[in-house]
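First up is the structure itself, then whatever we jot down about it.
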Amino acid sequence: SALWMNVSVSPVVDGAGNVTSVLCVLVDVTAEREARQELEASERRFRDLLAHGRDWLWRIDPAGVFTYASPVCERLLGYTAEELTGQAASLVVTGDDAASAVEARERLLAGSEAAEPVTMLARHRRKDGTEFIGEVRAAPILSANGQIVEIQGITRDVSEMAAAQA
């Protein structure tokens with residue numbers, strides 16, 4: 001099998017400045033290169049899951065502003081990820097459910113490191129004004145010192161299931 005090497009070449013000079021030999025150092029970097037390739041492949045698989053799944057993954061800051069939206073938001077809401085990032089979550093959660101979402105966010109922010117994820121149903125408004133029922137599951141993201149810095153969540157359109165149960 002092939003080996004990947006990091007090669008360093010330096011001239012060796014005598015007192016008069018003449019090159020008398022060359023010093024070569026070879027370091028086997030095969031394991032590091034293979035690990036990097038595995039990581040890149042894993043990242044590609046994860047990006048594909050985010051882009052092609054039916055669930056929308058998102059993150060909001062403590063003020064309720066989107067810091068991340070997976071590409072599925074365009075199919076589900078009609079907004080691109082770029083359009084949602086920097087916008088308040090209230091842009092897409094409607095009516096009384098917006099107040100419930102704010103209360104849930106506040107509960108998560110007031111919780112401890114072991115705060116339980118919140119699950120709720122909420123009406124969402126698409127860019128074109130139509131609505132759907134989304135099942136939302138959210139949990140806090142902690143910093144290295146245990147402070148809640150963001151909330152991450154996943155939303156799935158459950159309109160058909162909700163209609164069937166009604």
Side-chain angles (χ1 to χ4, degrees), residues 1-14 17-93 101 104-122 124 126-127 132 134-158:
S1 72
L3 292 178
W4 289 91
M5 306 297 279
N6 186 357
V7 180
S8 178
V9 180
S10 301
V12 178
V13 295
D14 62 18
N18 298 314
V19 177
T20 58
S21 59
V22 177
L23 175 64
C24 294
V25 177
L26 302 170
V27 178
D28 182 354
V29 293
T30 305
E32 290 88 349
R33 183 177 171 89
E34 290 171 350
R36 185 173 56 248
Q37 289 172 332
E38 285 292 321
L39 178 60
E40 289 169 356
S42 175
E43 289 172 344
R44 271 192 307 280
R45 287 189 301 273
F46 184 70
R47 277 192 305 274
D48 286 346
L49 281 172
L50 289 178
H52 302 296
R54 62 179 256 192
D55 297 335
W56 169 40
L57 282 72
W58 48 266
R59 283 186 171 197
I60 57 172
D61 66 15
V65 174
F66 288 112
T67 59
Y68 171 79
S70 69
V72 172
C73 68
E74 191 163 4
R75 254 191 339 268
L76 194 61
L77 294 163
Y79 293 99
T80 65
E82 293 78 19
E83 287 176 309
L84 280 182
T85 302
Q87 295 293 321
S90 59
L91 176 69
V92 297
V93 179
R105 183 182 82 229
E106 290 172 354
R107 277 196 316 274
L108 284 171
L109 292 171
S112 67
E113 291 181 24
E116 287 294 313
V118 170
T119 301
M120 63 184 286
L121 295 178
H124 290 69
R126 295 183 178 97
K127 189 175 185 178
F132 70 93
E135 179 185 55
V136 179
R137 186 166 171 85
I141 300 293
L142 307 176
S143 67
N145 64 0
Q147 297 295 105
I148 298 172
V149 293
E150 283 186 309
I151 295 171
Q152 73 178 357
I154 185 167
T155 300
R156 173 178 287 184
D157 183 347
V158 295

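Along the sequence shown, the residues carry numbers beginning at 1.
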Any chance you could lay out the salt bridge (charged side-chain N to carboxylate O under 4.0 Å, His left out) test for Arg126 and Asp157, step after step, and finish with the verdict?
CA-CA 12 Å; Arg126 295 183 178 97; Asp157 183 347; 3.5 Å; yes
Please report the closest heavy-atom contact between [X] and [Y], naming both atoms and the distance.
X: Ala81; Y: Ala69; result: CB-O, 3.1 Å
X: Val136; Y: Ala122; result: CG2-CB, 4.5 Å
X: Val93; Y: Ala101; result: CG1-CB, 4.2 Å
X: Lys127; Y: Gly78; result: CD-O, 3.3 Å
X: Arg105; Y: Ile60; result: CD-CD1, 3.7 Å
X: Val22; Y: Val9; result: CG1-CG1, 3.2 Å

Flag the pair Tyr79 / Trp58 as yes when their ring centroid distance falls below 6.0 Å, and as no otherwise.
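When the ring centroids of Tyr79 and Trp58 are compared, they turn out to be at least 6.0 Å apart.
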Using a 4.5 Å cut-off on heavy atoms from C-beta on, say whether the side chain of [Y] contacts that of [X].
X: Val92; Y: Leu84; value: yes
X: Arg137; Y: Val118; value: no
X: Val29; Y: Met5; value: no

Taking Glu74 for its side chain and Pro71 for its backbone only, find out whether a donor-acceptor pair lies under 3.5 Å.
no
Is the CD atom of Gln37 crowded by more than 12 outside heavy atoms at less than 6.0 Å?
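Buried by this count: over 12 neighbours within 6.0 Å.
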Within this structure, what is the [atom1]-[atom2] distance for the pair [X] and [Y], rounded to the nearest 0.5 Å?
X: Glu150; Y: Ser143; atom1: CD; atom2: OG; answer: 11.0 Å
X: Leu3; Y: Asp28; atom1: CG; atom2: CG; answer: 5.0 Å
X: Ile154; Y: Leu57; atom1: CD1; atom2: CG; answer: 4.5 Å
X: Ile141; Y: Asp61; atom1: CD1; atom2: CG; answer: 13.0 Å
X: Leu39; Y: Arg44; atom1: CG; atom2: CZ; answer: 10.0 Å
X: Tyr68; Y: Thr85; atom1: OH; atom2: OG1; answer: 9.0 Å

Classify the ring geometry between Trp56 and Phe66 as parallel (under 30°), tilted (30 to 60°) or perpendicular (over 60°).
tilted
